[in-house]
Amino acid sequence: MNTPICDFVSRYVRENALRLHMPGHKGAPRLGPEPWDITEVEGADSLYEAEGIIRESEENAGRLFGAKTLYSTEGSSQCIRAMVYLAALHARSCGRAPVILAGRNAHKTFLSAAALTGMDVQWLWGNGDSYLSCRLTAGDVEAALEAVLPAAVYLTTPDYLGNAVDVAAIAAVCHARGVPLLVDNAHGAYLKFLKPSRHPMDLGADLSCDSAHKTLPGLTGTAYLHISRSAPALFAEQAKNAMVLFGSTSPSYLLLASLDAVNGYLAEGYPERLAEFVRFAESTKTRLAAHGWTLTEDEPLKITLRTKPFGYTGRQTADMLLGKNVVCEFSDPDYLVMMLTPETGAAGLERLEAALLAIPRKEPLLTAPPQLGHAERIKSVREAVLSPCETIPAAKSVGRVLAAASVGCPPAVPIVVCGERIDAAAAACFAYYGIETVTVIRE
């Protein structure tokens, strides 16, 4: 597959033009990539008005993913905001209330999208022993749709712990009622290239976002917005306008070149490389389980350990691995998350396995995370976000109403949502997960 953006920038660098345009480094390689960091010079195309090489590259990506695909240089966050905005437009176009049904484990960017667009959120509560997971079924969604006909249903799958829901079954339930399905697939771009595909676009989603930097070799900040060819026509017609609304007018050309290069990478034997690596990873997981580690993930490119049965918290285990120069993605008191790609390689898996097998097993830790209830809603997300606020100690927050989902990333999933009253159960969760301050509406 051709890579028109990379080819153009390569020529531009070779020709050694006098750069009397932005950016100010003028191509001088202080960090290294500056010669490739250009702006919308003649022939380079413009992301939000793409008619040349960027459009060609996006079309290449669309052929790979089987969808209409647009590039983001501001991560899946830009795509999430665009999806919620498109859902809001869809609601207006068909006379529905601006309501979206969403799995409770949504990334905090979804909340900012609701605040910016004025979309009201009704939460779908699934099963799971962590606030990071929301194991929804088609029956759960169907029951919710009996009560309200929303602008869209919004899922986060795979979630941060590597759990996935049955997108195909949920899509069927949504489409039977004429409701679009939106999927935050930021952690699952590679699912398209499994055999058979497990990508939301192939399972019935109408809109989906993928991060190219989480499980594909794109630079940090690269992502895709995918629009199904069977989705409401408005989505494809207004998708570029939606991306413009939430994107910088100076998208990084380094990131665009990276997305273009990923196309070439995917087209040149990636499914076969992925399949081979997944086999290695499955063998590693089998041996770790035989040694006594408890693995919980559903997806092949994560290893998620529930560590307390082995005698440690997730954070303790992460620290022990760090001592062996093995750096994990995420840890909390109960879980340790490690993200894999074919670039990890068999040697990387062997190194990880050796480090985990060297940890001595201890008596299980029996402490369980506090149970989080359904918090009382006082204001909408938008009302809360736009209210005067103050930051206070989490230990003194019971009874107050959350103003901002100021949880860090990772995991960027809020325990309490903007506009909800913090109760004792939520405060116990803050303490358990090490959250020391919260931003609440000023009284």
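Atoms considered below: every heavy atom in the structure, side chains included; atoms not considered: hydrogens, waters and symmetry mates.
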In terms of side-chain heavy atoms, does His199 have a donor or acceptor partner in Asp210 at a distance below 3.5 Å? yes
For Cys389, is there any backbone N or O sitting under 3.5 Å from a side-chain donor or acceptor partner on Arg442? yes
Report yes if some heavy atom in the side chain of Met243 is under 4.5 Å from a heavy atom in the side chain of Leu225; otherwise report no. yes
Begin with the C-alpha distance, continue with both residues' side-chain angles, and end with the deciding distance and a verdict on side-chain contact (heavy atoms from CB on, under 4.5 Å) for Tyr312 and Lys362. CA-CA 8 Å; Tyr312 303 91; Lys362 295 166 51 178; 3.1 Å; yes
Answer yes or no: is there an ion pair linking Lys68 with Glu59, defined by an N-O contact shorter than 4.0 Å? no
Using side-chain heavy atoms (C-beta onward) and a distance below 4.5 Å, is Glu297 in contact with Lys285? yes
On a heavy-atom basis, the closest approach of Ile359 and His291 is O-NE2, 4.4 Å
Check for a donor-acceptor pair, side chain of Thr304 on one end and backbone N or O of Leu161 on the other, with a separation under 3.5 Å. yes
Would a distance-only check, ignoring hydrogens and angles, find a side-chain to backbone donor-acceptor pair under 3.5 Å from Thr156 to Asp159? no
Under a 4.0 Å N-O cut-off, is there an ion pair linking Glu58 with Arg55? no
Would you mind reporting whether Leu255 and Leu259 have side-chain heavy atoms less than 4.5 Å apart? no
Test log, rule side chain to side chain donor-acceptor pair (under 3.5 Å), inputs Asn105 and Ser133: CA-CA 6 Å; Asn105 62 332; Ser133 291; 5.8 Å; no
Say whether, by atom type as modelled, one donor and one acceptor occur between the side chain of His226 and the main chain of Ala67 under 3.5 angstrom. no
Heavy-atom closest pair, residues Pro200 and Val167: CA-CG1, 4.4 Å
Would Arg377 and Asp120 count as a salt bridge (charged side-chain N to carboxylate O under 4.0 Å, His left out) here? Give the steps. CA-CA 12 Å; Arg377 171 176 159 155; Asp120 195 19; 2.8 Å; yes
Are a donor atom and an acceptor atom from the side chains of Asp184 and His107 found within less than 3.5 Å of each other? no
Could you go through the side-chain contact (heavy atoms from CB on, under 4.5 Å) check for Glu74 and Ser248 one step at a time? CA-CA 8 Å; Glu74 296 173 57; Ser248 168; 3.4 Å; yes
Can Ser57 and Tyr71 be counted as having a side-chain donor-acceptor contact under 3.5 angstrom? yes
Under 3.5 Å: donor-acceptor pair, side chain of Ser380, backbone of Glu383: yes
Determine whether the side chains of Asn185 and Tyr224 contain a donor N or O and an acceptor N or O closer than 3.5 Å. no
Just wondering, are more than 12 heavy atoms of other shown residues or ligands nearer than 6.0 Å to CD in Gln371? no
Residues in side chain to side chain contact (heavy atoms under 4.5 Å, CB included) contact with Ala375, at least two apart in sequence or another chain: Glu420
Report yes if some heavy atom in the side chain of Thr73 is under 4.5 Å from a heavy atom in the side chain of Leu254; otherwise report no. no
Taken to the nearest 0.5 Å, the spacing of Asp332 CG from Thr313 OG1 works out to 8.5 Å
Which heavy atom of Phe235 sits nearest a heavy atom of Leu207, and at what distance? CD1-CG, 3.7 Å
Roughly how far, to the nearest 0.5 Å, is the OH atom of Tyr48 from the CD1 atom of Ile54? 10.0 Å
Is a side-chain donor or acceptor of Ser197 paired with a backbone partner of Leu194 at a separation under 3.5 angstrom? no
Distance-minimising heavy-atom pair for Asp45 and Ala50: OD1-CA, 3.4 Å
Given side-chain contact (heavy atoms from CB on, under 4.5 Å), test Glu329 with Met338 step by step and report yes or no. CA-CA 5 Å; Glu329 167 66 20; Met338 292 157 281; 5.9 Å; no
Pair Glu146 + Arg177, salt bridge at N-O below 4.0 Å: yes
Roughly how far apart are Thr284 OG1 and Glu350 CD, rounded to 0.5 Å? 7.5 Å
Look at the side chain of Thr222 and the backbone N and O of Leu219, then say whether any donor-acceptor pair between them is shorter than 3.5 Å. yes
Hey, could you give me the NZ/OG1 distance between Lys302 and Thr296, rounded to the nearest 0.5 Å? 10.5 Å
Is there a side-chain contact between Leu402 and Ile422 in this structure, where contact means two heavy atoms from C-beta onward sitting under 4.5 Å apart? yes
Donor-acceptor contact present, side-chain Asp260 to main-chain Ile5, <3.5 Å: yes
Can any side-chain N or O of Asp206 pair as donor or acceptor with the backbone N or O of Leu181 at less than 3.5 Å? yes
From Leu336 atom CG to Lys308 atom NZ, the distance as rounded to the nearest 0.5 Å: 13.5 Å
To the nearest 0.5 Å, what is the distance between CD1 (Ile100) and CG (Leu182)? 5.5 Å
Candidate pair Ser331 and Val337, rule side-chain contact (heavy atoms from CB on, under 4.5 Å), full reasoning: CA-CA 6 Å; Ser331 65; Val337 177; over 6 Å; no
Just checking, any donor-acceptor pair under 3.5 angstrom between side chains of Asn241 and Gln238? yes
Is the distance from the ring center of Tyr131 to that of Tyr432 below 6.0 Å? no
Show your reasoning for whether side chain to side chain donor-acceptor pair (under 3.5 Å) applies to Thr391 and Thr439. CA-CA 4 Å; Thr391 299; Thr439 301; 3.2 Å; yes
Which heavy atom in Arg96 sits nearest to a heavy atom in Leu149, and how many Å separate them? NE-CD2, 3.7 Å
Please determine which of Lys192, Lys195, Arg229 meets the salt bridge (Lys or Arg N to Asp or Glu O under 4.0 Å) test together with Asp202. Lys192
Closest non-hydrogen contact found for Leu356 with Trp293 is O-NE1, 3.3 Å
Is the closest side-chain donor-acceptor distance between Thr215 and Thr341 under 3.5 Å? no
Main chain of Gly314, side chain of Thr307: is a donor-acceptor contact present, judged purely on distance under 3.5 Å? yes
Close side-chain approach of Pro369 to Tyr433, heavy-atom, < 4.5 Å: yes
Report yes if the side chains of Tyr154 and Val121 come closer than 4.5 Å at any heavy-atom pair, otherwise no. no
Under a 4.5 Å cut-off applied to non-hydrogen side-chain atoms, are Thr294 and Phe310 in contact? no
Between Lys324 and Asp319, does the salt bridge (charged side-chain N to carboxylate O under 4.0 Å, His left out) criterion hold? Intermediate values first, please. CA-CA 9 Å; Lys324 297 179 181 295; Asp319 287 343; over 6 Å; no
Show, in sequence, the C-alpha distance, side-chain angles and deciding distance for Glu390 and Arg400, and conclude whether the salt bridge (charged side-chain N to carboxylate O under 4.0 Å, His left out) test is met. CA-CA 11 Å; Glu390 59 182 337; Arg400 302 296 295 274; 2.7 Å; yes
Indicate yes or no: does Arg30 engage Glu34 in a salt bridge with an N to O separation below 4.0 Å. no
